[in-house]
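To keep things clear, I will list the structure first and then write my remarks on it.
We use all heavy atoms of the structure for the numbers below, so side chains are in, but hydrogens, waters and symmetry mates are not.
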Amino acid sequence: MNKVDFLIVGSGIAGLSYALKLCEFYQKKNHHPKICLITKDEPFESNTRYAQGGIAAVIDADDSYEKHINDTLVAGSHINNEEVVKLVVENGPERIRELINWGAQFDKSDDGDYKLAKEGGHSDHRILHFKDVTGQEIQRALLDTIKKYDNVEILQDYYAVDLITQHHLGEDVTRYRKDTQCYGVYALNKLSGEVETILSKVTLLATGGIGQVYNTTTNPSVATGDGIAMTYRAKGIVEHMEFVQFHPTALYERGNHGNAFLITEAMRGAGAILKNSKGEDFVKRYDKRGSLAPRDIVARAIDSEMKKEGKDHVWLDASGINEKELKSHFPSIYKKCFDKGIDITKDLIPVAPASHYLCGGIVVNTKAETSINNLLACGECTCTGLHGANRLASNSLLEAAVYAHEAFETSLQLIDKTTWAEDIPEWNKDGTSVPEEMVLISQSRSDLQRVMSNYVGIVRSDERLARAFKRTGLIYEETEELYKKTVISQPLCELRNMITITYLIIGGAKNRHENIGLHYSIDYE
Ligand code: SIN
C-alpha cells in the first residue's frame, strides 16, 4: 500500500501545472510532502499535446476582459456561470505568465510583441500560440520543468481503475450523501498487472476528455473519459454531458476512422474559407460570420451541407493566405498535408467535423472541489460552468491553467485537515481468472463508437437517442458480464468507462428538450 500526500491523475496541462505549483511551494518551504502523479501512458501523451491553435487571453491593449467575457458567454448560449467566466478570463494573463516562466514559448513578431491569432467567436485577436503546435510546446515546457524537482514521483503506465471511498469500507454511498470522502485510487500497474492501492490525503483528477467514444476524433486514444466515469461510479456529480463539441475541420482521409488530424481553427482566423463542392462559401448562408462563427454553428453547417451534397467532407481553402505566413504559422499542418499529396498553398484541404472536446464533466466549484470530499478536479474532465453550451475556441487550456491554480490553493487548505484512511482493503480480484479476449473488447469499443457517431453526433433526434440507448445498453450488459470474470486490463476498464460516458451523454441529450449550443435535435427545430 502506497501512501502519498497529494495524488494527481493525468499528465496534461492541468495535472502538470498543479504538480509544479506544489513542487515550487514546498521546495521554498524546505518541506517534503509526497507528491505523486500517475499517468496511464507515457507522460507526454495527453489531449494537451494535440492542441494546435493556442490559449486565449486578454493581452492586446485594445482588447478587454469585458470583450473576452462576452465572447465566451455568446459562444456558450449564456448558460455559462458568469462568476466562473470572469474568474477564468481575469486570471488568464497571470497564469500565462507562469507558463512562460516555466519555459513555454509563444510566437512573437519582429518587434517583440506576442503574435495574437483569431479564432471563431472571438471579437479580437487574443490567441497566444506556438506555430500550430501550442499544446505540444506547453506540455514540453511543463515536463522539462517538473524534471528539475525531486519532490514529485511520476509513475507512468499506472492506470487509475477506481476512486476509493467509504464504499470500500462496506458503507452505502449515494449521490445525495454529503460526506463521501475520496481516500485515493486503486491503480493498475500495467507492467506487473497488479492493482495497487494508493492512499492520498488530496486527490486531483486531471484525466482529460472523452473523444474516443466517437468514431472519428481529434483526441488521442487515451481520451476515454476515465476520471468522469470513476467519479460517476463513486457517486460524484457529473453534468452537461450532452454538450460534446465537434471540431469543424479535421483532415478527411477516405477510409480512416479513429484518430483524425486537426486543422486548427486559427487557419480560418488567418483567412482560410470553408467551401462546398461547388466552391461556394456556404457557411455564410447559415451565419453572417461565415467560417469564423462559433464552432457549434460551423460544425452544423458543414454537417448539413455534406448531407445535402451527399459528400463525406467539405473543403478548406487556405490559398488566400500569404504563403510565407501559411508555412511559418502552420508548419505541422503544411507537412502533414504535403505528405498526403496536398499542397495547402494552392490545393483545397478535405475536412469534416470530428469529436473534439467535452464541455460537461465532473461538477466543480470555483475552488476546483468536486461533490466528493478531498477530491479535486480540473481541465477537460470537469464542468466548471465556463463553457456553457459550447466552448469558445482556445478557452480550454486557459481553463485548465486557471483551475490548476485554484486546486493548488484549495489543496493547501485541505492538506493539514486530512489524514490517510485506515483499513482500506486491497483490490478484490476474486473470480477474475479468465484471460482477456481482446477481440470482444475491441469489437465492443468500435460498436460503441459507431452507435455514438450515427445517433448521438452533431444532429440528434428522440428516436436516434432511444436507439443509441438500447444499443449501448446491450454493450453495457455484455461488458459487465465480461468484467466480472476477466483478468483486469486497461482496454477492458477503458471500455467500461466509455460505456458510462455514452450513458451520460445520451441521458443528458434525452433530458434536454431544446436546441442550445452543441445540443441540436431535429425534434426541437
Ligand atoms: C484548434 O486549434 O482549432 C483547436 C483549439 C481549441 O480546441 O480550442
Side-chain angles (χ1 to χ4, degrees), residues 1-4 7-11 15 36-42 45-46 153-170 173 180-200 203-210 212-213 221-236 238 361-362 370 372 374-375 377 381 420-421 424-436 438 440-441 444-445 476 479-501 503-504:
M1 195 167 292
N2 196 355
K3 285 184 173 176
V4 303
L7 175 64
I8 301 142
V9 187
S11 63
C36 175
L37 184 151
I38 64 172
T39 176
K40 65 176 171 177
D41 206 288
E42 49 108 9
E45 189 64 347
S46 71
E153 181 180 28
I154 298 186
L155 298 176
Q156 75 173 58
D157 293 318
Y158 267 72
Y159 178 75
V161 176
D162 260 326
L163 298 172
I164 305 172
T165 66
Q166 290 98 325
H167 168 75
H168 299 96
L169 295 169
V173 173
T180 306
Q181 299 283 331
C182 176
Y183 302 130
V185 302
Y186 289 117
L188 173 68
N189 174 341
K190 287 166 59 184
L191 302 182
S192 71
E194 292 300 319
V195 176
E196 299 178 10
T197 308
I198 308 179
L199 293 185
S200 56
T203 304
L204 176 90
L205 292 178
T207 48
I210 57 98
Q212 287 293 326
V213 304
S221 55
V222 292
T224 52
D226 302 326
I228 302 170
M230 280 195 296
T231 303
Y232 189 73
R233 270 200 299 280
K235 308 285 188 235
V238 170
I362 306 162
T370 70
I372 299 178
N374 297 342
L375 180 69
C381 66
W420 291 295
I424 298 293
E426 295 292 352
W427 178 254
N428 179 359
K429 59 176 179 185
D430 287 355
T432 55
S433 54
V434 180
E436 70 176 341
M438 207 43 215
L440 296 181
I441 299 170
S444 291
R445 184 169 168 140
Y476 166 76
T479 305
E480 286 309 291
E481 274 300 301
L482 198 65
Y483 183 74
K484 278 187 209 131
K485 58 183 186 198
T486 307
V487 173
I488 197 160
S489 68
Q490 178 180 335
L492 180 55
C493 293
E494 284 183 340
L495 174 61
R496 278 187 94 215
N497 289 341
M498 288 166 68
I499 294 168
T500 303
I501 298 300
Y503 169 78
L504 293 167

*Taking all non-hydrogen atoms of both residues into account, name the closest pair between Gly184 and Ser200 and its distance.*
CA-OG, 3.4 Å
_Nearest heavy-atom neighbours spanning Ile198 and Ile164_ = O-CD1, 4.3 Å
*Grab the two heavy atoms, one from Ile210 and one from Gly225, that are nearest each other, plus how far apart they are.*
CG2-CA, 3.5 Å
_So, using salt bridge (charged side-chain N to carboxylate O under 4.0 Å, His left out) as the criterion, who are the partners of Glu45 when residues are at least two apart?_
Arg49
*asked:* What's the separation between atom CG in Leu492 and atom CG in Leu440, rounded to the nearest 0.5 Å?
replied: 10.0 Å
*Sequence neighbours left out, what passes side-chain hydrogen bond (donor to acceptor under 3.5 Å, both in side chains) with Thr500? Give chain and number order.*
none
_Contact check, side chains of Thr479 and Ile441, non-hydrogen atoms, under 4.5 Å_ = no
_Any residue meeting ring-ring contact (aromatic ring centres under 6.0 Å, His included) with Tyr186, in chain and number order, not counting sequence neighbours_ = His168, Trp427
*Please test Met230 against Leu205 for side chain to side chain contact (heavy atoms under 4.5 Å, CB included), starting from the C-alpha separation and ending with a verdict.*
CA-CA 10 Å; Met230 280 195 296; Leu205 292 178; 4.0 Å; yes
*asked:* If the condition is side-chain hydrogen bond (donor to acceptor under 3.5 Å, both in side chains), which residues does Thr486 pass it with, not counting sequence neighbours?
replied: none
_Option among Thr203, Thr197, Leu169 that satisfies the side-chain contact (heavy atoms from CB on, under 4.5 Å) test with Tyr183_ = Leu169
*Which distance, rounded to the nearest 0.5 Å, do you find between the OG of Ser489 and the CG of Leu188?*
7.5 Å
*Is any side-chain heavy atom of Ile228 less than 4.5 Å from a side-chain heavy atom of Thr207?*
no
*Distance from Gln181 atom CD to Leu375 atom CG, nearest 0.5 Å?*
10.5 Å
*Which residues share a side-chain contact (heavy atoms from CB on, under 4.5 Å) with Thr224, sequence neighbours left out*: Lys40, Gln212, Asp226, Arg445, Glu494, Met498
_Taking every non-hydrogen atom, the tightest pair across Cys381 and Ala206_ = SG-CA, 4.2 Å
_Pairs satisfying salt bridge (Lys or Arg N to Asp or Glu O under 4.0 Å), at least one member in residues 158-170, at least two apart_ = Asp162-Arg233
*Can you tell me how far CG of Leu37 sits from OG of Ser11, rounded to the nearest 0.5 angstrom?*
6.0 Å
*Would you please name every residue forming a salt bridge (charged side-chain N to carboxylate O under 4.0 Å, His left out) with Lys429, sequence neighbours left out?*
Glu194
*May I ask you to test the Ile488-Cys493 pair for a side-chain heavy-atom distance under 4.5 Å?*
yes
*Mind checking side-chain contact (heavy atoms from CB on, under 4.5 Å) for Ala234 and listing every partner two or more places apart, or none if nothing turns up?*
Leu163, Thr165, Ile372
_Looking at every heavy atom in both Leu155 and Cys36, which two are closest together, and how far apart are they?_
CD1-SG, 3.8 Å
*Could you tell me which non-hydrogen atom of Ile501 sits nearest to which non-hydrogen atom of Ala229, and how far apart they are?*
CD1-N, 4.1 Å
*Could I get the full list of side-chain contact (heavy atoms from CB on, under 4.5 Å) partners for Asp157, not counting sequence neighbours?*
Lys190, Leu191
*Starting at CG of Leu7, measure out to OH of Tyr158 and round the result to the nearest 0.5 Å.*
11.5 Å
*Does Glu42 have any side-chain hydrogen bond (donor to acceptor under 3.5 Å, both in side chains) partners at least two apart in sequence or in another chain, and if so, which?*
none
*Hey, are the side chains of Val185 and Ile38 touching, using non-hydrogen atoms and a 4.5 Å cut-off?*
yes
*Results of side-chain hydrogen bond (donor to acceptor under 3.5 Å, both in side chains) for Glu481 - residues two or more places apart only*: none
*Partners meeting ring-ring contact (aromatic ring centres under 6.0 Å, His included) with Trp420 (sequence neighbours left out)*: none
*Atom pair CD1/CD1 of Ile154 and Ile8 - distance to nearest 0.5 Å*: 8.5 Å
